[in-house]
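Because only heavy atoms are used, hydrogens play no part in the values below, and waters and symmetry mates are left out as well, while side chains stay in. Note that the coordinates shown come from a computational prediction; the quantities given were computed from them, not determined experimentally. Start at 1 with the first residue, then count along the sequence.
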Amino acid sequence: MCDLLRRLKEFGYDVRVVPTASALKFVGRPTWEALSGQSASSDIWEEVQDVPHVAIGQKADLVIIAPATADLMSKAATGRADDLLTSVLLTTRAPVIFAPAMHTEMWEHPATVANVETLRSRGAIVIEPSVGRLTGPDSGTGRLAEPASLASVCRAALEGGSGSADLAGRRVLVTAGGTREPLDPVRFLGNRSSGRQGWALAAAAAARGASVKLIAANVDLPEPAGSQVIRVETTSQMFDAVLAEAGEYDAVVMAAAVADFRSTSVANRKIKKDDSGNVPEPIELVRNPDILAALGEKWSQSPTPVVVGFAAETISDEQDREAVGEAKRAAKGANVIVVNEVGVELGFESALNSASILDGSGVVIHVPQTSKEELANAVWDAVIARLPRAERGTEFPAG
Ligand code: CTP
């Protein structure tokens with residue numbers, strides 16, 4: 001959590017650490033104070049002139065409990081306020097995110113399940129813990145999400161997020177990265193997608209309470225907190241993974257850069273140059289299936305899933321680019337398309353993105369150059385506007 005604190009500070013946020021007495025058995029108060037640059041008291045009876053048990057919660061824009069133990073969630077669910085942290089939870093009206101960490105047995109215990117349900121019903125975000133190595137030699141569900149992923153969820157909640165659990169109870173499917181088509185055992189046809197926009201979409205959806213599945217093609221980033229990740233390599237693998245499940249989701253967002261062509265043949269051995277100086281045989285290409293068009297064809301008449309495509313264009317004129325994007329949306333039967341300009345310095349590998357969001361109504365949402373998290377939140381806003389209203393998630397205040 002020292003790493004999480006560092007990352008949040010590097011994003012430019014003021015962070016106040018409120019450790020529990022148990023937390024101080026793991027990491028001492030001087031460490032928290034040095035890293036945060038603020039007092040890290042865990043006692044209601046310290047600095048009483050500032051009334052910290054009220055002031056800290058009132059001032060916060062976001063509260064994240066990490067790691068959230070079974071005991072802490074039990075106290076939060078019943079409204080106990082016997083230390084500084086639990087008092088903060090009762091006074092804050094900011095979004096509250098719990099990042100659980102505990103052994104599998106504790107996570108699956110009916111008491112914990114009921115407490116998580118209570119917290120979620122009040123609008124809190126309880127991120128699904130990861131599956132992996134636990135404190136002892138054992139492995140299972142209950143591992144704390146990685147600090148980098150928790151930092152992204154916080155950033156998504158703070159940047160352009162609705163501040164509410166408006167995707168609670170929703171299931172969303174996001175694709176990310178770039179598919180690769182093999183030529184031989186060591187070479188492939190691919191593209192420069194980093195997967196960061198898809199990752200930001202997953203983090204933003206988790207920060208708004210959705211249950212997220214992420215189908216990732218060749219992405220080298222730590223798994224986003226609260227998302228279930230399926231790894232694929234080629235377009236046809238992504239096609240199978242998306243089409244197999246799309247119907248069970250409220251929204252499918254195709255942020256992946258999908259290879260349109262594959263080689264008609266894949267060499268079993270590395271393609272070699274010969275001594276005569278000849279170049280190898282030309283590579284013959286064949287079209288890949290269009291995943292977005294297949295989704296559009298199947299689901300465009302149903303309210304869900306809301307199908308969202310991305311159109312990465314190298315056209316610099318905004319109006320021309322939007323016209324090409326809108327034509328692409330209509331041709332593929334997507335409900336919404338996010339059009340952005342790509343180039344050597346734009347889009348793919350940069351942390352920033354700008355875009356226009358179109359849905360065929362003629363209304364265009366312009367998102368100026370901004371973080372991928374903020375663009376992700378604008379995309380979810382557009383999705384939520386199209387979801388059947390009756391089933392929408394709950395609103396904050398949380399706790
Ligand atoms: N897409 C897809 N399957 C493909 C190609 C693209 O699902 N075989 C999806 C992408 O994930 C994206 C959208 O379609 O959401 C548009 O992708 P883009 O590469 O911009 O469009 P293409 O259809 O490939 O058109 P072109 O490359 O000719 O501009």
Side-chain angles (χ1 to χ4, degrees), residues 1 3-4 7-8 62-70 72-73 76 95-102 104 107-108 112-113 115-117 119-132 134 140-177 195-216 219 221-231 245 248-253 255 372-373 376-377 379-380 383-384 393-394 396 398:
M1 290 309 91
D3 187 8
L4 173 63
R7 288 168 188 272
L8 294 174
L62 178 76
V63 178
I64 177 160
I65 319 295
T69 61
L72 195 285
M73 289 195 294
V96 178
I97 298 173
F98 292 86
M102 64 196 75
T104 312
W107 174 247
E108 290 176 349
T112 308
V113 171
N115 289 332
V116 168
E117 181 67 36
L119 293 170
R120 284 183 175 153
S121 72
R122 291 192 200 131
I125 306 295
V126 184
I127 291 172
E128 287 296 317
S130 301
V131 179
L134 303 170
T141 305
R143 184 182 160 84
L144 181 68
E146 295 303 316
S149 315
L150 292 175
S152 315
V153 169
C154 292
R155 192 175 188 189
L158 287 163
E159 293 189 23
S162 61
S164 71
D166 49 7
L167 283 171
R170 300 291 192 179
R171 304 184 68 201
V172 304
L173 186 66
V174 176
T175 66
R196 288 161 82 170
Q197 185 60 64
W199 248 234
L201 281 156
R208 293 168 80 152
S211 121
V212 187
K213 186 171 275 187
L214 189 53
I215 299 182
V219 182
L221 295 168
E223 297 199 350
S227 298
Q228 191 193 340
V229 183
I230 296 178
R231 306 265 176 189
E245 308 198 52
E248 295 165 30
Y249 287 83
D250 296 289
V252 181
V253 181
K372 291 188 170 177
E373 284 79 9
N377 274 311
V379 172
W380 291 122
V383 167
I384 287 165
T394 46
F396 283 113

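When side chains are defined from C-beta on, Glu223 does not count as touching Ser130, because their heavy atoms never get closer than 4.5 Å. Within the 4.5 Å cutoff, the side chain of Ile97 has heavy atoms near those of the Leu62 side chain.
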* To do: Report the C-alpha distance between Arg170 and Val383 in whole Å, list the side-chain angles of each, state the deciding distance to 0.1 Å, and finish with yes or no for side chain to side chain contact (heavy atoms under 4.5 Å, CB included).
  => CA-CA 11 Å; Arg170 300 291 192 179; Val383 167; over 6 Å; no
* To do: Decide side chain to side chain contact (heavy atoms under 4.5 Å, CB included) for Leu201 and Trp380; before the verdict, give the C-alpha distance in whole Å, the side-chain angles of both, and the deciding distance to 0.1 Å.
  => CA-CA 8 Å; Leu201 281 156; Trp380 291 122; 3.9 Å; yes
* **Test log, rule side chain to side chain contact (heavy atoms under 4.5 Å, CB included), inputs Val172 and Val253** => CA-CA 8 Å; Val172 304; Val253 181; over 6 Å; no
* To do: List the steps, then state whether side chain to side chain contact (heavy atoms under 4.5 Å, CB included) holds for Val131 with Arg143.
  => CA-CA 6 Å; Val131 179; Arg143 184 182 160 84; over 6 Å; no
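Heavy-atom minimum distance, Ala145 versus Ala225: CB-CB, 3.6 Å. For Arg122 against Ala76, the heavy-atom pair with the smallest separation is NH1-O, 3.4 Å. For the residue pair Ala148 and Pro222, the shortest heavy atom distance occurs at CB-CG, 3.9 Å. Considering every non-hydrogen atom in both Ala70 and Thr112, the closest pair reads CB-OG1, 4.1 Å. Between Met73 and Pro100 the shortest heavy-atom distance is CE-CB, 4.1 Å. Listed here is the closest heavy atom pair of Ala207 and Ala156: CB-CB, 4.3 Å.
To the nearest 0.5 Å, atoms CH2 (Trp107) and OG1 (Thr141) are separated by 9.0 Å. The CG atom of Leu158 sits 10.0 Å away from the CG atom of Asn377 when rounded to the nearest 0.5 Å. Here the CG atom belonging to Leu134 is positioned 11.0 Å from the CG atom belonging to Leu144, to the nearest 0.5 angstrom. Distance check, rounded to the nearest 0.5 Å: OG of Ser152 to CD of Glu146 gives 11.5 Å. If you take CZ on Phe98 and CG on Leu72, they are separated by 6.5 Å, rounding to the nearest 0.5 Å.
Ion pairing between Arg208 and Glu373 fails under the 4.0 Å rule for side-chain N and carboxylate O.
Side-chain atoms of Trp199 do not come within 3.5 Å of backbone N or O of Ser149 as any donor-acceptor pair. With Ser227 contributing its side chain and Val229 its backbone, the two residues share no donor-acceptor pair below 3.5 Å. A donor-acceptor pair is defined here as one N or O able to donate and one able to accept, closer than 3.5 Å; such a pair exists between the side chain of Arg120 and the backbone of Val126.
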Would you be so kind as to tabulate the donor-acceptor pairs closer than 3.5 Å made by side chains of residues 209-216, with sequence neighbours excluded?
from   : atom 1 : to     : atom 2 : distance (Å)
Lys213 : NZ     : Glu245 : OE1    : 2.9
Lys213 : NZ     : Glu245 : OE2    : 3.0

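Qualifying side-chain contact (heavy atoms from CB on, under 4.5 Å) partners for Ala66, counting only residues two or more places apart in sequence or in other chains: Met1, Leu4, Ile64, Ala99, Leu150. The side chain to side chain donor-acceptor pair (under 3.5 Å) test applied to Glu159 returns Tyr13, Arg155, Ser371, not counting sequence neighbours.
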